[in-house]
Protein chains: 2
Amino acid sequence: MLKKRSNCPLSCWLEIFGDKWTLLIIRDIAFRGKKQYKEFISSREGISTNILADRLRLLVSNGVLIKTRSSSNKLVIHYELTEKGKSLAPILLSIAKWGNDHIPDTMIIGA
Amino acid sequence: MLKKRSNCPLSCWLEIFGDKWTLLIIRDIAFRGKKQYKEFISSREGISTNILADRLRLLVSNGVLIKTRSSSNKLVIHYELTEKGKSLAPILLSIAKWGNDHIPDTMIIGA
DNA sequence: CGGGATCCGTCTTGATACTG
DNA sequence: CAGTATCAAGACGGATCCCG
């Protein structure tokens, strides 16, 4: 399922996270408390439904997210980070710091 | 030149680096001592020439790389990291660590 | 209503061949 | 050596439709 171009850990990581959307989903869950499909859709960047569904499926199949059902409403699906997913946090933070330092008009807070 | 989907530093960073190839070029320069077009081509992942040319152009235009000429042979072009580019190193290292910890059969060394 | 799947036009990617 | 040109294949975006 994860095809490898090489044994470089960076290259392998890019096979999973190397696109413009995947890390934003992780961000929404890890730092913005989002869990539901419609909450990811509502983020400012505007991911489309087919792309979101595809990325969620990939993240679940790679063990980064787990899909559960809300305890309060069984119709609502929740996506949550696994331990593997949570361990991405330092990467996201170091990227965000780089962005703040080197890209004009960026700020951590926002939705 | 850098169009923004939002003011999130992570999202802006992804506009530059969010693909499967760009960070590999940074890796080759930062950790493998590569400088020339043909050296990037020779990496195991096998980037094609049009994509490489495109990414190098983008990285130069974003101030991450600078294009110079070899002092020994004026026909040879060298790509080198700017300070802005060098400051990506901690990000690459934290990604590589994650890959080593969570993706089977990965190793730092290799070409 | 929430969470998708499908279709379609467009934009991007990629492999290969070729060039200044 | 360091790229372009070409052209096919795939990814994306947006709208719409579907299903429980």
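All figures in this text were calculated on a predicted structure; none of them were measured in a lab. Convention: sequence-line order gives letters A, B, ...; per-chain numbering from 1.
- Under the rule for a side-chain contact (heavy atoms from CB on, under 4.5 Å), the partners of B/Ala30 that lie at least two apart in sequence or sit in another chain are B/Leu81.
- Residue whose closest nucleotide on DNA chain C sits further toward the 5' end, between A/Asn50 and B/Trp21: A/Asn50.
- Nucleic acid contact class of B/Ile51 (heavy atoms, under 4.0 Å, all strands): base.
- Using a 4.0 Å heavy-atom distance criterion, B/Lys74 is classed as making no nucleic acid contact.
- Place A/Lys20 and B/Thr49 on DNA chain D by their nearest nucleotides, and B/Thr49 ends up nearer the 5' end.
- Contacts of A/Arg57 with the nucleic acid, taken as non-hydrogen atoms under 4.0 Å apart, involve only primed sugar atoms and P, OP1 or OP2.
- For the residue pair A/Ala53 and A/Tyr37, the shortest heavy atom distance occurs at CB-OH, 4.1 Å.
- Of all nucleotides in DNA chain C having an atom under 4.0 Å from a heavy atom of chain A, the first and last in 5' to 3' order are C/dG2 to C/dC7.
- For A/His78, the ring-ring contact (aromatic ring centres under 6.0 Å, His included) test picks out no residue, with sequence neighbours left out.
- With contacts defined as side-chain heavy-atom distances shorter than 4.5 Å, the pair B/Val60/B/Tyr79 qualifies.
- Linking ILVMFWY residues whenever their side-chain heavy atoms come closer than 4.5 Å, directly or via other members, places B/Trp21 and B/Ile95 in the same cluster.
- Judged by distance alone, the side chains of B/Lys34 and B/Ser43 do bring a donor and an acceptor atom under 3.5 Å apart.
- Checked for salt-bridge contact, A/Glu45 and A/Arg27 meet the test: a charged N lies under 4.0 Å from a carboxylate O.
- Legend: salt bridge (charged side-chain N to carboxylate O under 4.0 Å, His left out) pairs involving residues 12-21 of chain B, not counting sequence neighbours, sorted by first then second residue: B/Arg5-B/Glu15, B/Asp19-B/Arg55.
- Looking at heavy atoms from C-beta onward, A/Asn7 lies in side-chain contact with B/Arg44 at the 4.5 angstrom threshold.
- Within 4.0 Å of A/Tyr79, counting heavy atoms only, lie sugar-phosphate atoms of the nucleic acid but no base atom.
- Put simply, the side chain of B/Lys35 does not reach to within 4.5 Å of the side chain of B/Ile29, judged on heavy atoms.
- Across the helix from C/dC1-D/dG20 to C/dG20-D/dC1, the helix axis at one end is tilted relative to the axis at the other end by 40° (nearest 10 degrees, each axis from five pairs).
- Along DNA chain D, read 5' to 3', the first and last nucleotides having any atom under 4.0 Å from a heavy atom of chain B are D/dC1 to D/dT6.
- The aromatic rings of A/Trp98 and B/Phe17 stand perpendicular to each other, their planes meeting at an angle above 60°, with 30° marking the opposite boundary.
- Residue contacts for B/Arg69: at a heavy-atom cut-off of 4.0 Å it reaches no nucleic acid atom on any strand shown.
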